[in-house]
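I have placed the structure first, in the form of structure tokens, so that the comments after it can refer back to it.
The model shown is predicted, which means the values in this text are computed figures rather than measured ones. As the structure lists them, so they are numbered: ligands from 1, and atoms in each ligand from 1.
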Amino acid sequence: MGKITLRFACQSCGAVYTKWAGRCEACGEWNSLAEESAVEVPVSGAKGAAMPKGRVTRLVGLEVEAPAPERILTGIGELDRVAGGGFVPGSGILIGGDPGIGKSTLLTQSLASVANRGHKAVYISGEEAIDQVRLRARRLGLGKSPVLLAAETNVSDILATLSEGEPPAVVVIDSIQTLWSPVIESAPGTVTQLRAGAEALIRFAKQRGCAVLLVGHVTKDGQIAGPKVVEHMVDTVLYFEGDRGHQFRILRAVKNRFGPTDEIGVFEMSDGGLREVENPSRLFMGSGEAPTPGSAIFAGIEGTRPLLMEVQALVSPSALGTPRRAVVGWDQNRLAMVLAVLQAHAGVNVGQQDVYLNVAGGLKVKEPAADMAVAAALVSSLTGAVIPPSVALYGEIALSGALRPVGQSEQRAREAAKLGLETVITAAGGQGKKPAPAPGLPQMANVADLVAYIAGLPKG
Ligand code: TYD
Ligand code: MG
């Protein structure tokens with residue numbers, strides 16, 4: 001028999017300790033350790049007895065004997081693409097996100113679509129009563145679709161329900177934090193319960209060949225365990241993010257055994273639920289008003305898709321001893337680096353100025369290719385020169401001040417041209433096909449060239 005030991009588990013990342021501490025050493029979260037009792041199953045039998053003799057497993061080759069099962073398409077293009085071309089039968093998928101961001105809405109819409117295509121689709125809600133789920137579906141105009149509902153939190157009951165009759169094609173569990181197994185002593189929402197529940201459901205998915213979608217709320221205060229705890233168990237991890245103040249929502253694949261990661265899907269939250277945004281560049285390019293100083297368009301790549309977005313900068317004299325540096329949607333350290341390079345190699349001095357940087361639309365940019373657009377926006381704000389709305393920028397800035405070419409140059413330029421931005425400013429040199437520099441545009445090899453060009457533009 002296993003013996004019951006006391007332990008402390010981090011509710012954020014799942015790391016286990018024998019002693020309590022104020023801060024989790026694994027993930028750095030404060031105040032996230034909670035006491036949990038765990039039944040430890042000893043690897044060897046009691047008192048060091050030898051392990052029981054195992055059963056021989058048949059070894060097979062890599063060659064496929066049967067064709068891979070067909071993927072289940074939801075018909076929601078953005079979701080299918082992020083999942084790598086639909087859901088793989090027999091896989092576990094985690095959908096994480098802040099509470100209220102729209103996870104239940106997205107999954108209600110996709111289940112309805114799957115059910116309408118004739119597949120068995122089951123929605124298990126642990127948070128809302130059946131009537132609430134129905135109400136949402138009706139509000140989304142999906143009240144008539146043949147999705148099967150249950151409000152249940154007990155894992156054993158859920159598995160028994162799902163095992164009856166024809167196995168479902170897709171199951172949604174909303175959410176893993178409400179799952180509760182009677183054989184485990186911890187409270188619902190603890191790491192132990194979360195792991196056990198997710199494990200049982202993923203095992204079920206593999207055995208029955210259905211796609212199981214687990215919803216996990218991102219938690220900030222460590223009161224209940226976060227979705228990180230089950231990330232390693234599932235095949236695919238998708239995060240649904242966005243600013244509650246904006247209507248845009250971004251679905252991002254951070255792990256995918258069956259498709260690319262870093263792919264994003266863009267949605268817009270409306271009265272009638274989530275709407276796909278097929279041409280997201282328009283969304284993130286600002287409102288299309290007359291151009292003002294401090295704004296530059298970055299031709300970026302998100303996943304496999306080019307995306308144009310507006311980088312906004314505000315540089316203004318500081319009243320503080322230590323000027324402010326505030327960044328939304330980009331890396332703070334990267335901004336510090338760009339500022340240092342501008343000062344060292346182009347003589348741009350912002351030591352006595354507050355600097356604010358914002359990526360429009362609530363998007364988070366991770367590419368270093370945004371360096372040039374950021375530098376351009378900063379110089380534009382500082383000098384009052386206006387970057388014409390027909391200009392898009394991309395390229396990395398090295399510490400030496402050199403402009404570095406980045407990948408997928410052609411794709412970026414093509415997206416810019418598609419949206420009417422004919423002038424592309426990027427680093428000279430590098431391999432691969434480059435867009436021909438626009439007439440009258442200087443060849444830029446150095447950050448000083450870029451600063452000279454921006455500062456020379458007409459003032460707004
Ligand atoms: P929900 O899917 O319940 O979020 P989650 O499951 O991630 O907690 O969505 C919550 C928000 O979405 C809620 O504040 C209302 C808004 N919403 C709309 O704006 N339009 C809609 O059609 C629906 C169904 C929800
Ligand atoms: Mg919900």
Is it true that [Y] and [X] share a donor-acceptor pair across their side chains at a distance under 3.5 Å?
X      : Y      : result
Thr178 : Glu127 : no
Thr74  : Asp80  : yes
Tyr394 : Ser409 : yes
Gln193 : Ser186 : no

Side chain or backbone, does [X] bring an N or O within less than 3.5 Å of an N or O on ligand 1?
X      : answer
Asp174 : no
Leu140 : no
Ser104 : yes

Check Gly273 against Thr105 and note the closest heavy-atom contact, atom names and distance.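 Closest approach of Gly273 to Thr105: CA-CG2, 4.1 Å.
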Rounded to the nearest 0.5 Å, how far does [atom2] of [Y] lie from [atom1] of [X]?
X      : Y      : atom1 : atom2 : value
Leu194 : Glu199 : CG    : CD    : 11.0 Å
Ile301 : Arg412 : CD1   : CZ    : 4.5 Å
Gln177 : Gln11  : CD    : CD    : 10.5 Å
Asn31  : Arg23  : CG    : CZ    : 12.0 Å

Side chain, backbone, both or neither: Pro99 near ligand 1, heavy atoms under 4.0 Å: backbone
What residues form a ring-ring contact (aromatic ring centres under 6.0 Å, His included) with Tyr239, not counting sequence neighbours?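 Partners of Tyr239 under the ring-ring contact (aromatic ring centres under 6.0 Å, His included) test: none.
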So the atoms of ligand 1 within less than 4.0 Å of a heavy atom of Asp271 turn out to be 20 (N), 21 (C), 22 (O)
So if I count the atoms of ligand 1 from 1 in the order they appear, which ones are less than 4.0 Å from some heavy atom of Arg136? 3 (O), 24 (C)
Closest protein heavy atom to [atom], given as residue, atom name and distance to 0.1 Å:
atom                    : result
atom 15 (C) of ligand 1 : Arg139 NH1, 4.8 Å
atom 9 (O) of ligand 1  : Thr105 OG1, 3.5 Å
atom 7 (O) of ligand 1  : Lys103 N, 2.8 Å
atom 4 (O) of ligand 1  : Gly102 N, 3.1 Å

Please compare [options] and report which has the shortest non-hydrogen distance to [atom].
atom                    : options                      : value
atom 18 (C) of ligand 1 : Gln132, Met269, Arg275       : Met269
atom 20 (N) of ligand 1 : Gly273, Gly272, Ser270       : Ser270
atom 11 (C) of ligand 1 : Gly96, Gly100, Gly97, Ser175 : Gly100

Which of Glu276, Glu263, Glu302 passes salt bridge (charged side-chain N to carboxylate O under 4.0 Å, His left out) with Arg81? Answer is Glu263
For the Mg ion (ligand 2), how many protein N, O or S atoms lie at less than 2.8 Å? 1
Determine whether more than 12 heavy atoms belonging to other residues, nucleotides or ligands lie under 6.0 Å from atom CG of Leu320.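 Buried by this count: over 12 neighbours within 6.0 Å.
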